[in-house]
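Some notes on the structure that comes next.
All heavy atoms count here, side chains included; hydrogens, waters and symmetry mates do not. From a predicted model like this one, the values you see are computed outputs, not experimental measurements. Order of listing sets the numbers, starting from 1, for every ligand and every atom in it.
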Amino acid sequence: MRTILATLALLCGFPSGAASSAESLVLRAADTHPFDYPTVRALQFMADHLKQTSNGRLSMKIFPGGQLGEEKDTLEITIFGGIDINRVNLAPLNAIVPDTIVLAMPFVFDSVEHMRTVVDGSIGNEILAALEPHGLIGLAYYDSGARSFYNLVRPILAPKDLKGLKIRVQNSELFVEMVRSLGANPTPMNFGEVYESLMLGTIDGSENNWPSYESTGHYKVAPFYTRTEHSMAPEVLVMSRYRWRQLGSEDQALIRDAARKSVAVMRGLWSQRVQLSRDVVLANGNYVVEQLDKEAFREAVGGVYQEFLSTPELRYYVQRIRAASTDTKDAP
Ligand code: GTR
């Protein structure tokens, strides 16, 4: 596991924007996924666009594959300015910015379209703006589809099948309690440690979307995948507020514009990759449960709503998210 100090040592060898001439700036961008994953390809689009619109003055150096560390650590480094741009999932932000919890709540979205409507609208913008007092500038949301459970022990058809299984979760109290309320034993762990832990049997399973289940090779070790689709926590593109404040408003606008334009590109790549990853998993002969009664899962996580929506502001966000659904089902 790469530590914060190791990441800083690595970055020291790389010319940062501050060391460049006043004319040119190289922004360092982190992503935990490999170079061909939709998030990284979208970052590459953003980099190309930025270079073009700034006539080569602004560029991005992308560090994919978790080279700069795990999301929990790279977020800290971004806050104090060691990384300029960071693509992370919303979950590790839950501990830093409480408002982000509402977009990760179980079953709060009825579909990917519902999630997109919310993050593209005023709620999405308000939550991006809420990052700023915490040292981050929210640039955009990327798709992350829906997260579902997988494991190496047995098929999950109902919450009772999760009972006693050790399930890895992201570093977020919300995910810990969500999994506990379903009867499993939650184990918070960095993304990069999951494969080995599955191999060693120190965990029984995890939860993620189709592309991550496939690209990490977890599907080869944990063959039982059930489309619980319990969370649609999106990906977020954040920038270091420290770096942001060193930039003029014209450069800030170019960065925002490039980030915004990369969203549509990412969504196109994402839909293709979901399809491809699902095909790879099915062709591998995995035991995939696609049709299931989600009601029992929805009911089991009801207590998480009482526990985590602890302020009127958070409850109001969720009311508005639910009102934005074309489906009439109430959240748990
Ligand atoms: C993926 C997400 C990553 C990371 C990972 C995880 O879906 O794209 O940023 O959050 O899940 O489970 O840690």
Side-chain angles (χ1 to χ4, degrees), residues 1-2 29-43 62-76 78 83 85-97 100-101 103-104 106 109 112 115 119 136 138-151 166-176 178-179 186-198 203 205-219 221-222 225 227-238 262-263 266-267 269-271 273-274 277-278 281:
M1 181 180 44
R2 180 177 288 284
D31 195 311
T32 194
H33 288 300
F35 73 95
D36 63 340
Y37 199 85
T39 52
V40 181
R41 289 177 65 191
L43 277 177
I62 301 167
F63 294 86
Q67 285 175 58
L68 300 185
E70 300 285 352
E71 294 186 355
K72 185 166 57 78
D73 297 334
T74 59
L75 274 172
E76 275 184 47
T78 308
I83 293 171
I85 293 178
N86 199 353
R87 197 291 311 158
V88 290
N89 189 253
L90 187 92
L93 274 166
N94 293 166
I96 304 172
V97 188
T100 59
I101 277 175
L103 300 179
F109 298 116
V112 169
M115 183 272 296
V119 301
L136 296 167
L139 294 178
Y141 295 98
Y142 283 166
D143 275 25
S144 195
R147 299 180 75 94
S148 292
F149 289 104
Y150 54 89
N151 78 94
K166 276 190 97 174
I167 299 292
R168 173 269 172 176
V169 289
Q170 300 189 79
N171 294 297
S172 156
E173 274 307 305
L174 173 66
F175 278 78
V176 168
M178 190 190 310
V179 164
T187 310
M189 182 183 284
N190 290 327
F191 191 45
E193 291 154 33
V194 179
Y195 184 84
E196 201 181 325
S197 303
L198 286 169
I203 53 171
S206 185
E207 44 89 58
N208 223 313
N209 50 44
W210 285 112
S212 285
Y213 179 49
E214 176 264 312
S215 71
T216 51
H218 296 176
Y219 75 102
V221 196
Y225 189 88
R227 282 183 69 173
T228 46
E229 305 193 320
H230 51 271
S231 175
M232 292 195 191
E235 316 286 13
V236 197
L237 194 55
V238 295
S262 71
V263 172
M266 197 279 172
R267 286 182 179 171
L269 293 168
W270 181 256
S271 305
R273 183 57 184 254
V274 168
S277 296
R278 182 174 168 275
V281 170

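- Listed by chain and number, residues touching ligand 1 at under 4.0 Å (heavy atoms only) are T32, H33, E71, R87, N89, S144, R147, R168, Q170, F191, N208, N209, S212, E235.
- Of the possible polar contacts, none joining the H33 side chain to the G65 backbone as a donor-acceptor pair under 3.5 Å is found.
- The distance from the CD1 atom of I203 to the OH atom of Y195 is 12.0 Å, given to the nearest 0.5 Å.
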query = Could you go step by step and tell me if E214 and R273 meet the salt bridge (charged side-chain N to carboxylate O under 4.0 Å, His left out) rule?
reply = CA-CA 10 Å; E214 176 264 312; R273 183 57 184 254; 3.0 Å; yes
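- One N or O on the side chain of N209 and one on the backbone of S144 form a donor-acceptor pair closer than 3.5 Å.
- Judged by distance alone, with hydrogens and angles left aside, the side-chain atoms of S231 form a donor-acceptor pair with the main-chain N or O of A104 at under 3.5 Å.
- Judged by distance alone, the side chain of Y213 and the main-chain N or O of S277 form no donor-acceptor pair under 3.5 Å.
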